[in-house]
Amino acid sequence: MNRVLDALRRNRWAMFSAGLLLAMTLLCIAGPWLSAWDFDTIDFDGSWSAPPSAQHWFGTDSLGRDLYVRTLCGGRISLAVGLVGTLVSLLIGVAYGAVAGYIGGRADTLMMRAVDILYALPFLFLVILLMVLFGRHLLLVFVAIGAINWLDMARIVRGETLALKQRDFVAAAIVAGAGPRAIITQHIVPNLLGVVVVYATLTVPQVILMEAFLSFLGLGVQAPATSWGALVSEGARDMEVAPAALIFPATFLAVTLLALNLLGDALRDALDPRRRA
Amino acid sequence: MSARLLRRLLELLPTLLLLVTLTFAMLHAAPGGPFDSERALPEATRVQLEARYHLDQPLWRQYLIYLGDLAHGDLGPSYQYPDRSVAELIGAGLPVSALLGSLAMSLALIVGMALGIIAAMKPHRWQDRAVMVLAVGGLSIPNFVLAPLLILLMAVSLHALPAGGWSGRPQELLLPVLALALPQIATIARLTRAAMLEVMQTPWIRTARAKGLSERHVVLRHALRPVLLPVISYLGPAAAGTLTGSVVIEQIFGLPGVGRYFVLGALNRDYGLVLGVVLIYGTLIVLFNFAVDLLYARLDPRQRE
Amino acid sequence: MTTAPLLSVEQLCVAHRTPRGDVEVVSGINLQLEAGGTLAIVGESGSGKSQTALAIMGLNGPSACLTGRVLFDGENLLTASPARRRALRGARIAMVFQDPMASLNPYLRIGLQLAEVLETHRGASRSAAWAEAARTLDSVRVSAARERLNQYPHELSGGMRQRVMIAMAIIAGPQLLIADEPTTALDPTVQAQILALLDELRRDRGLAILLITHDLGVVSRLCEQTLVMYAGKLVESAPTQQLLSRPRHPYTAALLRARPSMQHPPGLRLDALPGQPPDLRQTMPACRFAPRCRYAQPDCADVPLQFERGVLCRHPL
């Protein structure tokens with residue numbers, strides 16, 4: 001793990017991305033307090049779809065709401081979905097993969113076959129179906145997105161577990177009388193940490209992207225709450241009059257995804273130097 | 001080969017059955033029926049409608065009726081457009097969606113592989129860096145963000161291309177195809193570059209060079225086939241991504257494809273239509289994955305039996 | 001100056017640029033090989049012997065920087081254009097690599113891999129090239145040559161694959177064959193067959209052979225003349241029989257002692273050479289072998305050496 005951190009510290013892009021993400025998170029959390037406006041308050045004195053000004057730093061949307069506050073509040077939701085969705089997929093994927101890999105044999109074959117079958121399904125369509133059927137709760141967005149992203153994690157964790165199982169410290173634990181449950185939770189999972197962190201970093205942008213996609217279609221976050229996807233959708237609708245309403249949330253979304261992708265790539269390279277090109 | 005083909009085809013069945021069962025189960029676990037959403041219907045009309053759509057039958061029989069209908073290619077009625085069947089609606093949108101999707105996939109394959117190979121031939125030079133910047137950028141700009149930006153630039157500012165709509169003219173597809181293909185171009189370029197760099201290190205590429213073959217010959221005949229393999233295994237996810245993406249792209253550009261019906265159906269809670277699209281697209285993706293597997297086996301002699 | 005040698009390497013240096021500075025892997029090698037002659041380069045892995053062979057082929061890769069001269073038939077290859085080098089590679093200078101499993105393209109049929117050499121260098125038609133491919137396979141004693149053409153490398157045994165590699169090398173009738181550890185990856189019985197085949201090719205076709213190996217047993221069966229390399233330097237050069245019976249460099253002597261033989265008394269331990277070859281990135285003593293040499297004197301480390309009378313040593317045996 002130290003070696004990974006060292007490699008990361010030498011990678012200028014990774015450090016830049018990490019700093020950018022930290023700044024983005026802080027801005028989204030604290031930024032709205034700096035403005036006098038609220039995310040769903042309409043400014044009846046100012047004009048609708050106004051360009052950026054001293055009053056409204058990013059301008060206003062077509063209803064006259066402050067875009068600076070809305071963009072940052074949307075960011076809170078997008079980032080939260082990214083983190084929670086990833087956490088859900090992580091919990092399911094690590095548990096499933098570690099159990100399949102550790103038990104091995106027929107159970108492993110069966111469990112991985114199930115993953116293969118699920119892989120072939122068009123999950124995002126099923127999530128949309130889920131949204132249509134059960135209503136558009138934010139909680140459902142979290143769970144559904146997390147629940148469809150665990151497959152990759154399960155595969156990777158299973159592969160790592162198969163390798164770890166052969167290592168001496170697992171044999172030593174078995175000899176010492178540890179049960180399967182103790183071995184998985186105390187010996188296998190802690191050693192998976194590096195791989196899991198890397199793939200979790202790469203999962204976060206996927207989850208954010210999915211939420212944005214759903215919200216863009218009007219199926220994710222529901223008004224008055226908003227997210228970057230919903231803001232891009234609103235902005236695209238009247239971009240001819242007010243391009244700022246599209247450009248600001250779009251830039252925030254793209255920059256966050258870019259930083260997460262760069263950081264994830266750098267982490268993967270650091271963990272596995274052989275794969276570095 | 002034919003026995004293998006048959007076995008693989010049989011392996012498709014559980015996936016398809018799971019898809020059907022999952023959609024059916026979701027439909028019935030949903031709170032409320034399709035007819036009690038907006039305004040209250042007269043009791044007689046409601047009973048009549050439920051009888052027509054078999055909603056009065058026990059669940060297992062509804063499932064069997066549903067399976068039987070599917071086997072006949074009957075996707076059921078659209079609840080929102082009672083005079084048209086789901087199959088008709090999808091049939092009307094499919095040509096446009098198929099054209100958009102296949103064009104985007106072809107563009108992504110050709111451009112993505114070309115960029116990946118160029119980058120790998122000049123590692124760490126400006127060509128490589130330019131491609132990698134494009135690739136990370138392409139992954140980070142979602143197509144529903146790119147599409148409005150393209151419209152803003154090409155249609156609103158430059159008036160070079162139509163902003164949307166569909167009357168059959170090729171220039172109307174240019175921006176949608178581009179917006180849909182870019183994320184795939186990025187991924188394919190990255191995959192190709194990584195595979196190419198790895199292949200060019202192998203001893204058999206050194207052998208090919210030792211034979212005095214030209215660099216073009218070495219790349220095209222000796223390196224391309226193994227580079228194709230990871231790209232081909234990515235085609236399945238790429239197809240799924242393209243179909244998913246086409247939903248928003250059709251929405252943004254006002255193209256009358258399956259995806260637009262899907263979004264309208266989803267927003268109007270038209271269960272029948274949404275279910276039909278999920279089934280059709282799900283089956284398409286499953287079949288596509290199957291074709292990709294076969295192609296993969298054909299390209300790698302060690303996989304053939 | 002009666003007849004110029006077929007191959008003459010003069011003061012060849014090969015350096016690789018790496019992120020942690022340049023590494024000189026070959027330092028001033030000289031060698032000569034007559035047409036139809038045989039020459040072996042012997043050394044441990046990392047001694048620079050393979051890099052010397054690749055330098056003659058021009059295949060050291062983009063990070064390599066080459067100086068000195070490599071004269072083939074009087075022409076300096078290091079200053080030749082890339083197109084000219086390609087025209088010579090495979091046609092007049094050919095190479096056989098160590099691992100026949102990895103050195104054949106697993107995705108292409110054997111016939112295609114053989115025939116493309118003729119199509120490239122002679123502009124032969126596809127059918128003519130495939131017919132010649134079958135004949136060449138036959139001449140290196142691959143059984144059922146015609147059927148083999150349609151097979152893929154993984155369908156062949158290791159020995160067969162190496163025969164295919166050799167057929168691929170000689171198909172265009174080259175004058176020089178460079179064989180880099182051609183038998184290392186093979187079973188001992190197959191090794192003997194491959195060596196016999198190489199010897200036969202030399203006799204029948206007048207092929208000059210440059211053999212790269214770490215195995216002195218292989219050398220004694222095939223080559224008249226032997227060079228010994230250590231840490232990028234040439235340390236000894238002598239006719240093979242003389243080198244094996246009366247080594248003059250302590251390193252050569254150490255290699256010979258470390259070799260198991262049939263005359264070796266059972267139970268006696270092999271006299272392995274202690275220590276590791278030097279790290280080429282570090283500054284080395286004047287005699288690079290001195291730290292591992294059992295005959296080293298105090299002056300070995302700092303007095304510069306000259307390659308004299310076939311040996312690079314202040315105190316030859």
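Quick note on labels: first sequence line is chain A, next is B, and so on, each numbered from 1. Basis for what follows: all heavy atoms, side chains included, without hydrogens, waters or symmetry-related copies.
- The 12-atom threshold is exceeded at CD of C/Gln193, counting heavy atoms of other residues, nucleotides or ligands nearer than 6.0 Å.
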Side chains of residues 280-287 of chain B: which donor-acceptor partners sit under 3.5 Å, not counting sequence neighbours?
residue	atom	partner	partner atom	Å
B/Thr283	OG1	B/Leu279	O	2.6

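- For chain C, no part of B/Leu224 is nearby; none of its heavy atoms comes within less than 4.5 Å.
- Counting only distance, with no hydrogens or angles, the side chain of C/Arg89 and the backbone of B/Arg209 share a donor-acceptor pair below 3.5 Å.
- Rounding to the nearest 0.5 angstrom, the gap separating the CG atom in B/Asp300 from the OH atom in C/Tyr152 is 9.5 Å.
- Interface check for chain B: of the options C/Pro106, C/Gly90, C/Ala94, the most heavy-atom pairs under 4.5 Å are formed by C/Pro106.
- Options C/Thr120, C/Ile93, C/Leu54, C/Leu108 differ in how many heavy-atom pairs under 4.5 Å they form with chain B, and the most are formed by C/Leu108.
- Of all non-hydrogen atoms in C/Tyr107 and B/Pro226, the two that sit nearest each other are CE1-CB, 3.3 Å.
- Scanning all heavy atoms of the two residues, the minimum distance from C/Arg86 to B/Leu213 falls at CD-O, 3.2 Å.
- For a heavy-atom cut-off of 4.5 Å, chain C lies close to no residue in residues 177-188 of chain B.
- For the 3.5 Å distance criterion, the side chains of C/Glu116 and B/His222 qualify, holding a donor opposite an acceptor.
- Atom CE of residue C/Met95 and atom OG1 of residue B/Thr207 lie 9.0 Å apart, to the nearest 0.5 angstrom.
- Heavy-atom pairs under 4.5 Å with chain B peak, among C/Ile178, C/Val117, C/Leu104, at C/Leu104.
- Within the 4.5 Å cutoff, no side-chain heavy atoms of B/Pro203 are placed close to those of C/Phe97.
- To the nearest 0.5 Å, atoms NZ (B/Lys211) and CG (C/Leu114) are separated by 7.0 Å.
- Across C/Gln98, C/Gln113, C/Arg85, C/Glu119, the residue that shares the most heavy-atom pairs under 4.5 angstrom with chain B is C/Gln113.
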